[in-house]
Amino acid sequence: MIDLSKLNGLLIDDIPEMRSAVRIQLTDCGLEHCDAARNIKEAIEKISANRYDLIICDYNLGQGADGQQLLELVRRRKILPLTTVFLMITGETGYEQVSTAAEYSPDDYLIKPFTSQTLQTRLQRVIDKKLALRAVYVHLGERGDKQKALAECDAMLAQPSRYSLDVMRIKGEVLLDLQRNDDALALYQAVLDQRATPWASVGKARALAARGDDAEAREHLDKVIDAYPNYLAAYDSLTLLLEKNDRVAAQKVVERALKVAPSTQRQRQLGTLALDNKDFTRAEDAFRRAVDKDRSGFFKSHDDYSGLAKSQVEQGKVQEALAAVKEMGQHFGHSAELTVHQAAVESIVHAKAGNPVAAKAALERALKAAESGEGIAASASLELANACFASGDQEQAKQILQGVAEDHQENEAVLDRAQAAFRTAGLDSEGEIFLEATRKRMITLNNDAVAMAKAGELDQASAMLDEAADRLRNNAQVSINAAIAALMKVQRQGVSSKLIGKAHRYITQAHRANPEHPRLDEAVNLYRKLAPADAPTLKVGA
Amino acid sequence: MNPLIAGAIHDAKNGLNLLNTWLDEARRTTPSLAIDEARAVAARVGAQLVELLVLYRAGEDNLRLVIEDHDLADFCQEVTSEIILPPGSNARIEFDADAVAMLGAWAFDAYQVKLVLQEALRNALRHGKDNIRFAVATQASGGLRFTVSDDGPGFPQEVLDGKTRAMDSASSGIGLIFSRLIAERHATPDGRHGRVELANDGGAVFALVLP
């Protein structure tokens with residue numbers, strides 16, 4: 001038996017009576033230290049400020065928010081370590097919702113009503129499992145090392161235990177992350193040869209897709225959804241696959257997934273696909289739900305409002321669309337990014353409504369705000385490009401898209417959205433050529449720099465990379481190469497605080513852009529090898 | 001089924017939950033055979049109402065199973081520990097925990113399968129004499145087989161023949177309909193489904209086979 005009295009707990013429930021009832025049961029189980037939160041906002045504050053071993057959360061949190069949204073948010077923002085136990089409490093009729101969670105699922109869920117004895121048994125079990133898998137989990141966090149996680153998995157699998165299947169499941173994910181697709185496929189197949197289970201079926205399909213066997217993956221996922229209609233990860237994997245070349249089919253899959261479990265994120269996904277498919281009534285409905293459902297405001301994004309406005313104006317609802325643009329401004333704090341996004345959408349609405357003068361004026365405002373604003377997120381820049389296309393300024397649009405594509409060279413999602421901007425403007429194939437050329441140019445830049453450095457022209461290479469890294473702050477690849485070039489100069493020319501400082505800056509920038517970049521460790525290790533004792537320490541890496 | 005009826009079943013179930021709380025309370029203060037009998041009846045009726053609701057949702061095309069891995073040792077422990085033995089009887093449920101621990105985990109809907117197995121166990125306790133056996137094993141042909149066997153008179157021939165829906169003449173047969181529905185809904189991507197098998201072998205043998 002694990003002694004719960006030493007653990008730190010957090011109980012989240014919006015109903016005071018339920019909080020005190022569960023609190024008493026937790027005390028019965030021996031949990032002495034337990035904070036309470038009444039809503040998502042309080043929960044996030046507490047989770048950010050404290051380290052909990054155990055979180056007990058009611059599924060229904062009021063204000064259109066639920067425990068699943070909270071879990072996704074804190075796991076995605078990486079403020080909740082994987083070592084923390086997350087236990088969801090749900091009513092008898094809501095338990096399918098809880099357990100259907102795709103990417104982020106609770107460690108266990110408990111159906112009301114339950115006795116203290118049941119709670120105790122479940123807590124013991126789930127904590128025991130967390131402890132058993134701890135050695136793996138510590139390598140899967142933000143500063144984790146996937147190779148070490150893999151080694152831990154293998155060490156655990158060498159001795160059969162009751163958690164072998166859980167370890168296999170984690171190992172499969174790590175293999176897919178490391179793009180060891182054949183190994184992942186073999187692992188999933190080995191599991192499936194013993195027993196049918198949804199996660200291994202979906203894993204198999206993902207491995208097939210990653211290998212490029214799209215047709216086989218698609219066929220398999222159709223069967224998986226038939227067998228496990230509640231398993232959302234299957235819908236998500238199929239959508240991802242279909243988005244590449246059959247967006248109408250992708251939209252249908254998201255519609256089916258929404259019937260299983262509604263979520264703001266999936267409504268947004270549906271809206272985006274429907275807008276792209278010119279299914280404007282469906283798009284409007286989806287974005288409207290995304291905007292309205294989440295009254296807590298934690299899960300909304302600028303994109304929901306711009307999607308709403310764009311789907312409305314396409315149906316001739318100009319006033320509603322302009323109202324949505326206004327609404328967008330009311331729901332988020334003021335920032336240059338918001339100004340860019342808002343003015344860009346306003347411009348699109350006017351252009352579509354046949355008011356070129358108003359469109360132009362709004363576009364000017366958006367462009368001005370973009371110039372003065374530092375660090376505008378990709379989604380606002382993409383909207384700005386859309387607005388330029390809508391006003392007929394193709395050159396300006398392409399220039400913006402080129403910047404976005406160079407900056408987010410390794411981010412498929414952003415590149416897909418850049419392609420979507422071309423598609424919306426009726427320039428699908430031109431966009432493909434343009435983005436491919438941009439991609440090749442970035443590869444050439446990196447390759448040329450490496451070649452130059454190898455040929456001894458280190459100063460020239462370094463200057464070239466510095467220029468690119470200062471311009472493309474979201475491009476981890478370029479930042480890493482710039483850091484390595486600076487460190488190679490240290491190797492040749494000796495330590496200087498300027499070069500060390502530069503390397504430090506670029507590594508930090510790369511880490512911020514993509515903490516999981518496969519080449520980040522190389523730069524970090526070189527820095528640690530060469531930096532003198534008084535150099536700034538790197539707050540990245542293992 | 002009419003939504004009004006479904007709503008009424010739901011209300012009745014909630015009422016029964018409350019009744020159970022009071023019965024537990026009464027048992028704590030003044031334990032008696034009558035209270036134990038009442039608890040057993042309440043548990044049975046409660047289970048039937050839940051089964052009825054599941055059948056309703058299946059009819060509305062609104063039933064989706066939640067298939068997840070479950071450790072079989074933990075699961076079986078939970079299934080048996082919640083069963084209330086008939087007061088005053090010396091019936092016992094025999095269960096080989098060590099054999100189950102070797103099996104590891106299997107993917108199924110624990111909530112629904114638990115209802116099916118508890119229904120079978122309650123039936124066995126009502127019709128059997130002393131020894132009820134609960135076992136689980138993997139099948140050579142793939143799949144997992146839960147069996148509940150008793151030492152009673154066995155299933156009537158018409159039940160074995162599938163001619164009547166009733167497991168015994170005193171019941172509506174909803175338990176068996178429910179069990180077959182849950183078994184059938186367990187499926188795999190390669191098209192296998194679960195099933196219920198009934199046989200007589202020194203008593204009634206109920207088997208739930210999951211794919």
Least distance between heavy atoms, A:Y228 atom then B:A187 atom: CE2-O, 3.5 Å
Audit row: A:R162, B:D71, salt bridge (charged side-chain N to carboxylate O under 4.0 Å, His left out) steps and yes/no: CA-CA 8 Å; A:R162 61 177 303 183; B:D71 184 89; 3.3 Å; yes
Residue among A:R125, A:R195, A:Q117 with most heavy-atom pairs under 4.5 Å to chain B: A:R125
Side-chain touch B:Y111/A:I111, heavy atoms, less than 4.5 angstrom: yes
Donor + acceptor pair across side chains of B:E68, A:Y109 (<3.5 Å): yes
Within 6.0 angstrom of A:E219 CD, more than 12 heavy atoms from elsewhere: no
Segment of A:T197 engaging chain B (4.5 angstrom heavy-atom cut-off): both
Gap between atom CD1 of B:I67 and atom CG of A:N230 - 0.5 Å precision: 8.5 Å
Contact origin within B:D74 toward chain A - heavy atom pairs under 4.5 Å: both
Over all atoms of both residues, closest heavy-atom pair of B:R64 and A:P229: CD-O, 3.9 Å
A:H220 to B:P189 - nearest heavy-atom pair and separation: CE1-CB, 4.4 Å
Proximal component of B:E82, with respect to chain A [non-hydrogen, under 4.5 Å]: neither
Could you pull out all donor-acceptor pairs under 3.5 Å where a side-chain atom in residues 94-106 of chain B meets a protein atom, sequence neighbours excluded?
{"residue": "B:D96", "atom": "OD1", "partner": "B:D98", "partner atom": "N", "Å": "3.2"}
{"residue": "B:D96", "atom": "OD1", "partner": "B:A99", "partner atom": "N", "Å": "3.2"}
{"residue": "B:W106", "atom": "NE1", "partner": "B:P211", "partner atom": "O", "Å": "3.3"}

